Amino acid sequence: MAIEGPLKELGIHDVFQLLDLSRKTGTLTVVSNLRRNQGTVVFQDGAVVFAQIQSNPHPLGHLLIRAGKVSEADLQRARDMQHRGDRRRLGELLVTIGAVSQRELERHVRFQVEEVIFELLSWREGYFSFAEENAADMPADATVRIPTESLLMEGARRIDEWSQIEGKIPNLGVVPSFAPTGGGDQGALDLLPTEWEVMAAIDGDRDVRGIATLLGRSEFEVAKTIFGLESAGVLVITDRRRSSSESVEAPEDLDDLMARATTAAETGDLEAARRWAEQARSLRPHEPVVYALLGRLELAANRSHEAEENLRRALRLDPLLVSAHRLLGDALALQGRFHEAVEWWQRWLKIGEHDSQADVADLQRVQEAVTAAQTLDALVRSVHG
């Protein structure tokens, strides 16, 4: 029985569920003209046993070499055996010659299949068709059997995480680069091996997709790692696509962008203010005053955690940025972290005493806030023993 139709009428998630519940055996083909891409998934009694995608940058041999599980010589030996007429799959031959264990092979094949499925689950347009046939005829390098339900659950989890990541990484074409080292104590850099691996692949020109291809790792995992490093202030991210598309209409002068953002904020149009500020960040991703402005806008929108993130980044870039000290104190106070808020406010008061731009009313307000926060902090500490 053939099942086919556009994804806008029956979503890819529903297609997978249908094939799982009906325990189908056969091949699902998904085509996206928009992406110029095509994926193939083979089911056996409702479980996924094979998957490939036209744009897949992670062939099995590359994955095994990248993971240090086989050598180039091992891979070439297995391919030579196939060329001489051995009809066994590449993975089976690598196991036969002792280049890799069956367990390691299955782990990497599973990774390869999962990445194809997770890519397909993100498609919202295209056309699908399913044809029942013998799964034993699939052109796989090795075989696995993955419950469809577990793939759908993991796919849903990734979609949730992407909703958080996409604020900083809206597409896989963004380019990470190292943030400049600010003055002052930067603290120790304690990174995981996977984070060091990603950092070693960053050259200021290679995008997220390119890094994933180079490392032979999941685009999602690489994006997640870069997101974490950017949040820690180690990296900055530039969206060259957006910058180029906006260059015709957007002003290219940082002062002009900052002025427009400030004016919009003063008139209460926070969305417009954020758009101008984001353009300023795309133009000058290493400029601390841009992050201070973004922090102020997040505070105005009552998003204290996002404000804290931007303000700490501003201070990493410029530890003496006056306004960021006060605003960070405000963000911490909104979170009930009064002891930390007092520390930042007191730093600002010391700087503000020598700052000609510091407003007398602001100085008085912060002094009163320090007193109130100290009282609240003492009260909270006494309640909690």
Side-chain angles (χ1 to χ4, degrees), residues 16 19-20 24-30 38-121 133-155 157-158 192-194 197-198 201 209 211-222 224-225:
F16 272 77
L19 298 176
D20 179 30
K24 292 293 185 182
T25 296
T27 301
L28 172 70
T29 302
V30 188
Q38 176 176 314
T40 302
V41 183
V42 178
F43 290 83
Q44 188 171 50
D45 298 324
V48 174
V49 294
F50 171 73
Q52 66 180 3
I53 195 168
Q54 198 172 55
S55 62
N56 184 11
H58 311 302
L60 178 61
H62 177 77
L63 286 176
L64 292 171
I65 290 175
R66 183 66 190 82
K69 301 303 178 182
V70 302
S71 66
E72 290 278 3
D74 292 329
L75 189 61
Q76 189 59 51
R77 181 181 171 190
R79 286 173 174 163
D80 287 343
M81 292 171 69
Q82 288 182 324
H83 293 156
R84 290 195 298 267
D86 196 318
R87 298 178 63 84
R88 285 178 293 176
R89 297 185 176 97
L90 178 65
E92 293 178 75
L93 292 172
L94 289 170
V95 172
T96 299
I97 65 177
V100 66
S101 69
Q102 184 66 38
R103 183 176 179 179
E104 280 294 337
L105 175 68
E106 290 177 357
R107 186 170 72 86
H108 283 82
V109 172
R110 184 184 179 100
F111 167 81
Q112 183 186 38
V113 170
E114 286 176 340
E115 291 311 305
V116 173
I117 301 300
F118 297 145
E119 167 68 17
L120 294 177
L121 288 174
E133 55 190 27
N134 188 356
D137 295 333
M138 60 191 169
D141 287 331
T143 59
V144 291
R145 183 180 179 85
I146 308 174
T148 300
E149 183 180 2
S150 68
L151 290 170
L152 294 177
M153 291 177 64
E154 175 63 14
R157 184 188 69 80
R158 289 196 177 200
L192 298 171
T194 54
E197 184 181 48
V198 169
R209 181 180 285 107
I211 292 172
T213 301
L214 176 69
L215 299 179
R217 287 178 53 191
S218 153
E219 292 170 345
F220 170 77
E221 293 300 333
V222 169
K224 185 177 176 180
T225 299

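In this chain, residues are counted from 1 in sequence order. Quick caveat: nothing in here was measured; it's all calculated off a predicted structure.
Residues Gln76 and Glu72 have side chains not in contact (no heavy-atom distance under 4.5 Å, counting atoms from C-beta outward). Inter-residue side-chain proximity for Val100 and Val95 is flagged as met; some heavy-atom pair is nearer than 4.5 Å. Side-chain contact between Arg145 and Asp45: present, with at least one pair of heavy atoms (C-beta onward) separated by less than 4.5 Å. For the pair Lys69 and His108, the minimum side-chain heavy-atom distance is below 4.5 Å. Side-chain contact between Asp80 and His83: present, with at least one pair of heavy atoms (C-beta onward) separated by less than 4.5 Å. Using a 4.5 Å heavy-atom cutoff, the side chains of Thr194 and Glu221 are not in contact. For the pair Val48 and Asp20, the minimum side-chain heavy-atom distance is 4.5 Å or more. Side-chain contact between Glu92 and Arg87 is absent, with no heavy atoms from C-beta onward closer than 4.5 Å.
Among Leu151, Ile117, Val113, Leu19, the one residue that satisfies the side chain to side chain contact (heavy atoms under 4.5 Å, CB included) test with Val41 is Ile117.
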Kindly indicate, with the supporting measurements, whether the criterion side-chain contact (heavy atoms from CB on, under 4.5 Å) is fulfilled by Ile53 and Val30.
CA-CA 9 Å; Ile53 195 168; Val30 188; over 6 Å; no
Show the numbers, then the answer: is there a salt bridge (charged side-chain N to carboxylate O under 4.0 Å, His left out) between Arg157 and Glu154?
CA-CA 5 Å; Arg157 184 188 69 80; Glu154 175 63 14; 2.5 Å; yes
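The CG atom of Asp86 sits 8.5 Å away from atom CZ of Arg84, with the distance rounded to the nearest 0.5 Å. Here the OG1 atom belonging to Thr96 is positioned 9.5 Å from the CZ atom belonging to Arg77, to the nearest 0.5 angstrom. Put simply, CZ on Phe50 and OG1 on Thr27 are 9.0 Å apart, with the number rounded to the nearest 0.5 Å. Rounded to the nearest 0.5 angstrom, Glu197 CD and Leu192 CG are separated by 11.5 Å. The distance from the CD atom of Glu149 to the CZ atom of Phe16 is 14.0 Å, given to the nearest 0.5 Å.
Between Thr148 and Gly46, the shortest heavy-atom contact is OG1-O, 2.5 Å. Residues Leu120 and Gly39 share a closest heavy-atom pair of CD2-CA, 4.0 Å. The two residues Leu90 and Arg79 come nearest to each other via the heavy atoms CD1-CG, 4.1 Å. Of all heavy-atom pairs spanning Met81 and Ile97, the tightest one is SD-CG2, 3.8 Å. Here the closest heavy-atom approach between residue Arg88 and residue Gln82 is recorded as O-NE2, 3.3 Å. Across Asp74 and Leu94, no two heavy atoms sit closer than the pair O-CD2, 3.8 Å.
Salt bridge Glu104/Arg107: present, at least one basic N to carboxylate O contact under 4.0 Å.
Taking a 6.0 Å sphere around CZ of Arg158, one finds it holds more than 12 heavy atoms contributed by other residues, nucleotides or ligands.
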